[in-house]
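Only heavy atoms go into these numbers, but all of them, side chains included; no hydrogens, no water, no symmetry mates. Owing to the predicted nature of the structure, the values given are computational and were not obtained by experimental measurement. All ligand and atom numbering here is 1-based and tracks the order in the structure. For reference, positions follow the sequence shown, starting with 1.
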Amino acid sequence: MCGIVAYLGNRDAYPILIEGLRKLEYRGYDSAGVALMQDDHIQMYKKKGRVDELDQYCSGRDTRGTAGIAHTRWATHGEPNEENAHPHIAEDGSMALIHNGIIENYLSLKKQLIQEGFTFKSETDTEVLVHLIKSIQKKEDVALPEAVMMALSMVEGTYALAILSVDDPDRLIVAKKGSPLLIGRDGHDYFVGSDGAPIVEYTQDVVYLEDGDVGVIKRGKALKIRNINDEKHLLKRPSFQKLELSLEQLEKGGFDTYMLKEIFEQPKAVIDSMRGRINLKKDVVSLGGIIEYEQKMLNARRFIIVACGTSWHAGLVAEHLFETLVRIPVEVEYASEFRYRDPIIREDDVLIAISQSGETADTLAAVEIGKKHGATVIGICNVVGSTLARETMAGSYTHAGPEIGVASTKAFTAQVTVLTLMALSLAEKKGTISKSQYHQLINDLESIPNKISQVLEQEQHIQRIAQYVATKPNAMFLGRGVNFPVALEGALKLKEISYIHAEGYPAAEIKHGPIALVDTNMPVIVIATEQKTYDKVVSNIQEIIARKGTIISVVTEGDTAVKKMSKFCIEIPKTEELLTPLVASVPLQLLAYHVAVIRDCDVDKPRNLAKSVSVE
Ligand code: M6R
């Protein structure tokens with residue numbers, strides 16, 4: 001949510017900053033800005049809209065400078081416009097600051113600063129930081145790095161920030177709490193990013209700042225980091241590590257959009273998420289990252305799964321996997337609700353947090369609650385080195401590769417793959433699964449990438465169905481059992497990228513209300529694959545047809561009954577019931593994608609959204 005890039009070194013800063021912003025645009029894209037240190041002053045340009053608009057505006061203008069900061073915004077406080085766009089600059093023009101996160105006590109600080117005579121140009125919480133730092137400098141007569149540390153000690157909330165200041169044109173100050181920030185170095189060139197995307201082209205030698213860290217980057221000097229929580233503000237030794245990201249992973253690789261590329265990467269994402277976790281003889285599943293806590297998991301009284309959005313849907317699939325295979329009760333919670341309840345958590349509970357980005361604020365807050373109550377806290381996430389990976393006691397990465405499209409696709413199938421491996425490994429050790437069922441499920445899981453590929457071959461057929469759905473204002477998605485989360489996920493994909501109103505329901509629930517919505521204009525997308533409740537789903541379909549609803553079905557290859565009742569039918573390869581979501585979710589992703597393209601929507605950057613929701 002919002003993207004930060006900053007540079008200080010021997011090269012021209014502007015191209016590095018603007019290209020960096022393009023790579024970060026998936027994090028927020030309603031306005032963008034850049035500030036460059038030029039001789040003894042700061043030159044700043046801001047624009048409402050996309051990074052391209054900022055770049056066009058800057059073309060022909062003075063973009064000299066070898067130090068600068070830049071930001072792409074996802075609005076929280078104040079609408080997207082140039083005043084609210086970052087950087088925010090001090091009244092005397094001497095300092096510019098960019099910020100990700102939220103300053104929660106900004107209103108009281110603002111009141112105090114207005115009393116001191118400061119005036120505000122924007123509605124943002126960020127501008128408070130600029131004036132607060134200046135106010136401290138005036139009152140305390142301290143150098144800027146000290147003033148920044150003092151200001152940050154007064155602030156409640158989260159931040160990743162970068163500051164440029166005329167009092168030392170050869171210096172950048174950066175800080176982090178709750179929002180990620182990393183610094184890369186290539187000799188004496190320093191690159192700062194809110195993730196690795198803007199940095200990886202130049203270096204893989206990076207340090208991830210920790211909460212409370214304030215870094216001072218000086219031209220030609222070694223990086224200095226201090227922490228505001230250390231009373232003595234002693235220098236820390238920066239621990240540089242390899243950035244696990246490659247440039248190719250960030251490119252579209254011949255696809256029109258990241259989302260389509262990521263949908264087609266799913267066979268590989270599933271293989272990569274299984275790699276090294278099933279032995280050569282294919283009879284042992286083990287997840288290295290959780291071994292230390294496996295006994296706690298086996299003895300768990302209950303699993304509590306916390307997540308948001310698509311990751312929450314993966315959690316709902318996991319409920320079926322864990323309860324069926326491991327026979328331990330599971331509760332799946334929206335992290336945003338869980339954090340504000342007074343949940344009953346015991347020390348023998350295991351909390352599993354699922355997140356693609358590993359930066360979702362609500363999920364991280366739920367993790368803290370789990371830890372506070374003494375539960376074992378396990379993470380499943382895709383971004384290596386993310387906050388979730390660092391804040392959980394143990395966990396497993398999904399290895400789906402970077403997911404740039406705002407709509408999550410390959411992260412979902414990779415999460416379900418890892419959760420399946422986790423359930424299998426625990427079930428075998430707990431003895432809640434027979435040897436033959438265990439081996440069969442391992443074989444079935446290994447066949448999933450091929451099955452996904454077979455679904456992907458049906459893209460043109462799904463495109464034709466999309467022509468029909470794209471003309472409708474609403475859509476309903478139905479599924480039962482392990483396919484109910486697939487219905488929810490199908491509806492979420494469609495609504496978030498095509499702006500068609502869509503809802504997912506358990507198929508049997510519609511007669512308790514939603515069936516009132518069914519008429520000739522309502523496409524009802526039903527997942528009716530071979531499963532225990534297949535006959536029941538057939539009855540639900542009949543109820544819809546009786547109300548003149550249009551059925552679009554996802555069935556198992558060779559199905560005749562549901563196919564006959566459907567206006568359109570997508571056949572997927574026969575799959576073990578528990579693993580069906582891994583295959584059945586794919587045609588729904590393609591359907592949403594093509595509906596959105598037909599409706600001329602910006603598929604990778606849907607309106608009002610951002611990739612990583614690092615604010616509440
Ligand atoms: O990074 P996370 O998995 O924690 O993100 C959770 C949700 O914000 C995310 O899944 C969101 O719902 C996607 N836009 C869905 O496509």
Side-chain angles (χ1 to χ4, degrees), residues 1-2 26-29 74 178-180 194-195 257-260 262-263 266 269 273 305-318 332-339 352-367 379-389 391-392 395-416 418-419 477 485-499 502 504 585-586 588-593 595-596 601-616:
M1 207 142 246
C2 302
Y26 72 99
R27 294 177 66 98
Y29 35 84
W74 184 85
S179 290
S194 44
D195 65 38
T257 60
Y258 283 111
M259 182 179 173
L260 194 61
E262 287 155 10
I263 290 175
Q266 288 179 105
S273 295
I305 297 181
V306 291
C308 302
T310 291
S311 299
W312 183 73
H313 297 154
L316 291 177
V317 176
V332 187
E333 303 265 2
Y334 282 118
S336 53
E337 287 297 309
F338 181 78
R339 65 182 293 190
I352 302 178
I354 309 173
S355 171
Q356 186 285 129
S357 60
E359 302 297 346
T360 301
D362 288 320
T363 308
L364 294 173
V367 160
I380 293 184
C381 82
N382 195 38
V383 178
V384 177
S386 61
T387 308
L388 184 74
E391 291 300 317
T392 44
S396 297
Y397 282 118
T398 43
H399 301 307
E403 192 180 64
I404 311 276
V406 165
S408 193
T409 52
K410 63 175 180 173
F412 174 78
T413 37
Q415 285 164 346
V416 174
V418 168
L419 288 158
F477 288 74
V486 177
L488 290 176
E489 178 59 8
L492 177 60
K493 288 291 90 88
L494 187 68
K495 73 182 115 182
E496 76 176 320
I497 60 168
S498 77
Y499 319 138
S585 55
V586 177
L588 304 187
Q589 297 165 349
L590 280 174
L591 180 67
Y593 176 82
V595 171
C601 300
D602 185 342
V603 176
D604 282 338
K605 301 188 190 84
R607 69 183 178 205
N608 305 337
L609 295 177
K611 182 68 183 162
S612 147
V613 187
S614 51
V615 295
E616 277 194 49

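Side chains of Tyr29 and Asp602 form no contact here, defined as non-hydrogen atoms less than 4.5 Å apart. Under the 4.5 Å side-chain criterion, counting only non-hydrogen atoms from C-beta, Phe412 is not in contact with Leu492. You'll find the side chain of Lys493 stays beyond 4.5 Å of the side chain of Leu588, heavy atoms only. With contacts defined as side-chain heavy-atom distances shorter than 4.5 Å, the pair Leu419/Ile380 qualifies.
Remark: minimum distance from atom 12 (O) of ligand 1 to any protein heavy atom is reached at Gly309 CA, 3.3 Å. In this structure, atom 8 (O) of ligand 1 lies nearest to the protein heavy atom Val613 CG2, 3.8 Å. For atom 10 (O) of ligand 1, the nearest protein heavy atom (residue, atom name, distance) is Thr310 N, 3.0 Å. Of all protein heavy atoms, the one lying nearest to atom 7 (C) of ligand 1 is Cys308 O, 3.7 Å. Taking atom 1 (O) of ligand 1 as the reference point, the nearest protein heavy-atom neighbour is Ser357 OG, 2.7 Å. The protein atom (non-hydrogen) at minimum distance from atom 4 (O) of ligand 1 is Thr360 OG1, 2.4 Å.
In this structure, a donor-acceptor pair under 3.5 Å is absent between the side chains of Ser386 and Glu359. Of the N and O atoms on the side chains of Gln589 and Thr409, not one donor lies less than 3.5 Å from an acceptor on the other residue.
Applying salt bridge (charged side-chain N to carboxylate O under 4.0 Å, His left out) to Lys611 and the options Glu262, Glu403, Glu496 leaves one that passes, Glu403.
Atoms of ligand 1 found under 4.0 Å from any heavy atom of Ser311 (numbered from 1 in listed order, with element): 2 (P), 3 (O), 10 (O). Residue contact check: Val406 has heavy atoms under 4.0 Å from atoms 13 (C), 14 (N), 16 (O) of ligand 1. Close approach of ligand 1 to Gln356 is summarised as follows: ligand atoms under 4.0 Å from at least one heavy atom of the residue are 1 (O), 2 (P), 3 (O), 4 (O).
Here the side chain of Asn382 pairs no donor or acceptor atom with the backbone of Gly358 at under 3.5 angstrom. In this structure a side-chain-to-backbone donor-acceptor pair under 3.5 Å is missing from Glu489 to Thr310.
Close N/O approach between Gln415 and ligand 1 is not found [any backbone or side-chain N/O within under 3.5 Å]. For ligand 1, the polar-atom distance check against Ala407 finds no nitrogen or oxygen pair separated by under 3.5 Å. In terms of polar-atom proximity, Glu496 is counted as a contact of ligand 1, with an N or O under 3.5 Å from an N or O of the ligand.
In this structure, Lys493 counts as a contact residue of ligand 1, since one of its heavy atoms falls inside 4.0 Å of the ligand.
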